[in-house]
Amino acid sequence: MSDTNIELISTISEDNKLELALREIEIPQPGENEVVIRIEAAPINPSDLGVMFSAADMTTASQSGSADRPVISADVPAKFMGAVEKRISKPIPVGNEGAGTVVAAGSSAAAQSLLGKTVAFIGGGSYRKYLCTKVQSCLELEPGTTAAEGASSFVNPLTALTMVETTAIFNPVVQIATPKQLIY
């Protein structure tokens with residue numbers, strides 16, 4: 001395992017500025033029912049864009065920093081600062097889900113069973129090198145499945161499921177097709 005870990009964070013300052021930056025963080029150590037995943041793929045979902053850019057006017061974006069630690073800054077219009085007041089001066093890790101290889105595991109049998117395997121996960125902070133998460137937040141991928149293929153295993157499928165269930169609740173006339181009916 002590498003001796004460095006970086007993550008993408010989004011911060012809004014009191015002077016109406018959004019800042020996206022990479023910061024160095026410690027490599028996590030897993031607890032009994034946790035695993036450390038080397039992130040190999042993480043999608044960008046619409047909810048990720050909301051965390052990343054918030055209410056910033058991205059037409060004002062500029063880049064600073066260095067090649068290995070770039071920083072993107074943009075203005076947040078004053079009229080939106082009240083809506084983001086709970087975020088002010090708080091670095092928010094970005095990314096809802098992803099996939100990668102389990103490189104360290106806690107002592108539980110469930111955690112140990114994932115060591116060396118490719119897993120998808122949900123839980124936030126996925127735009128980083130190494131992430132520690134609970135075993136229950138992981139989905140072991142079938143052998144031969146790449147991290148890129150498994151990285152979107154949670155958010156979009158759960159959104160679709162929720163939409164179908166909500167539609168069926170509010171409109172009982174709607175019939176839900178079975179997977180067999182969807183095959184052309």
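Everything numeric in this text was worked out from a predicted model, so none of it was measured. Positions are given from 1, in the same order as the sequence printed here.
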- Message: Are the side chains of N16 and M81 in contact, using a 4.5 Å heavy-atom criterion?
- Response: yes

- Item | Close side-chain approach of V36 to C132, heavy-atom, < 4.5 Å | yes

- Query: Thinking salt bridges, do R38 and E40 make one under a 4.0 Å N-O criterion?
  - Reply: yes

- Query: CD/E85 to CD/E14 distance, rounded to the nearest 0.5 angstrom?
  - Reply: 11.0 Å

- Item | Minimum side-chain heavy-atom gap R23-I25 below 4.5 Å | yes

- Query: Can you hop from L114 to L139 via hydrophobic side chains spaced under 4.5 Å?
  - Reply: no

- Message: Please tell me whether L141 and L115 are part of a single hydrophobic cluster in this structure, the criterion being side-chain heavy atoms less than 4.5 Å apart.
- Response: no

- Message: Any donor-acceptor pair under 3.5 Å linking the side-chain atoms of S10 with those of R87?
- Response: yes

- Go through the steps to decide whether E97 and N45 satisfy the test side-chain contact (heavy atoms from CB on, under 4.5 Å), and finish with yes or no. CA-CA 9 Å; E97 66 180 328; N45 294 300; 3.1 Å; yes

- Query: Is a side-chain donor or acceptor of S73 paired with a backbone partner of E19 at a separation under 3.5 angstrom?
  - Reply: no

- Query: How about N33 and K134: do any of their side-chain heavy atoms sit closer than 4.5 Å?
  - Reply: no

- The reported gap from CG in D75 to OG1 in T60 (rounded to nearest 0.5 angstrom) is 4.0 Å

- Taking all heavy atoms of E34 and all of V135, pick out the closest pair and write down the distance. N-CG2, 4.1 Å

- Point-to-point distance, once rounded to the nearest 0.5 Å, from OG1 of T4 to CD1 of I27: 6.5 Å

- Task: Would you check, one step at a time, whether the test side-chain contact (heavy atoms from CB on, under 4.5 Å) holds for Y127 with I9?
- Result: CA-CA 8 Å; Y127 297 175; I9 57 166; over 6 Å; no

- Message: The test is side-chain contact (heavy atoms from CB on, under 4.5 Å); show your working for C138 and V35 and say whether it passes.
- Response: CA-CA 9 Å; C138 296; V35 293; 3.7 Å; yes

- Message: Under a 3.5 Å distance rule, please check whether Y130 uses its side chain to pair with a backbone N or O of V103 as donor and acceptor.
- Response: no

- Query: Roughly how far, to the nearest 0.5 Å, is CG of L18 from OG of S13?
  - Reply: 8.5 Å

- Task: Determine, using the 4.5 Å side-chain heavy-atom cutoff (strictly less than), whether V102 and I122 are members of one ILVMFWY cluster.
- Result: no

- Query: Under 3.5 Å, is there a donor-acceptor pair between the E142 and T145 side chains?
  - Reply: no

- Query: Looking just at side-chain N and O atoms, do N96 and D48 make a donor-acceptor pair shorter than 3.5 Å?
  - Reply: yes

- For the pair S54 (side chain) and V51 (backbone), establish whether a donor and an acceptor sit closer than 3.5 Å, ignoring hydrogens and angles. no

- Message: Quick check: closest heavy atoms across P91 and P93, and the distance to 0.1 Å?
- Response: O-CD, 3.6 Å

- With the 4.5 Å side-chain cut-off for hydrophobic clustering, are V71 and F53 part of the same group? no

- Query: Which atoms form the tightest heavy-atom contact between P43 and G98, and what is the distance?
  - Reply: CD-CA, 4.2 Å

- Query: If we only count heavy atoms from C-beta on, is the K17 to V76 side-chain gap below 4.5 Å?
  - Reply: no

- Does L22 offer a backbone N or O that forms a donor-acceptor pair with the side chain of R128 under 3.5 Å? no

- Message: When you compare the side chain of T118 with that of E140, does any pair of heavy atoms fall below 4.5 Å?
- Response: no

- Query: Can you get from I39 to I44 by hopping between Ile, Leu, Val, Met, Phe, Trp and Tyr side chains that sit under 4.5 Å apart?
  - Reply: no

- How close do A151 and A42 get, heavy atom to heavy atom, and via which atoms? CB-N, 4.3 Å

- Task: For the pair D57 (side chain) and T59 (backbone), establish whether a donor and an acceptor sit closer than 3.5 Å, ignoring hydrogens and angles.
- Result: yes

- Message: Is there a side-chain contact (heavy atoms from CB on, under 4.5 Å) between L131 and F121? Walk through the geometry before answering.
- Response: CA-CA 10 Å; L131 174 96; F121 66 90; 3.2 Å; yes

- Tightest non-hydrogen contact, residues P30 and A105, listed as CG-C, 3.7 Å

- Going by an N to O cut-off under 4.0 Å, is there a salt bridge joining R69 and E24? yes

- Taking C-beta and beyond as the side chain, do I37 and V119 meet within less than 4.5 Å on heavy atoms? yes

- Query: Okay, side chain of Q112, backbone of A109: is any donor-acceptor separation there less than 3.5 Å?
  - Reply: no

- Return the set of residues passing side chain to side chain donor-acceptor pair (under 3.5 Å) with S66 (not counting sequence neighbours), or none when no residue passes. D68

- Note on the structure: To the nearest 0.5 Å, atom CD of E7 lies from atom CD1 of I92 at 10.5 Å

- Message: Could you measure the distance from the OG atom of S107 to the CD atom of E32? Nearest 0.5 Å is fine.
- Response: 4.5 Å

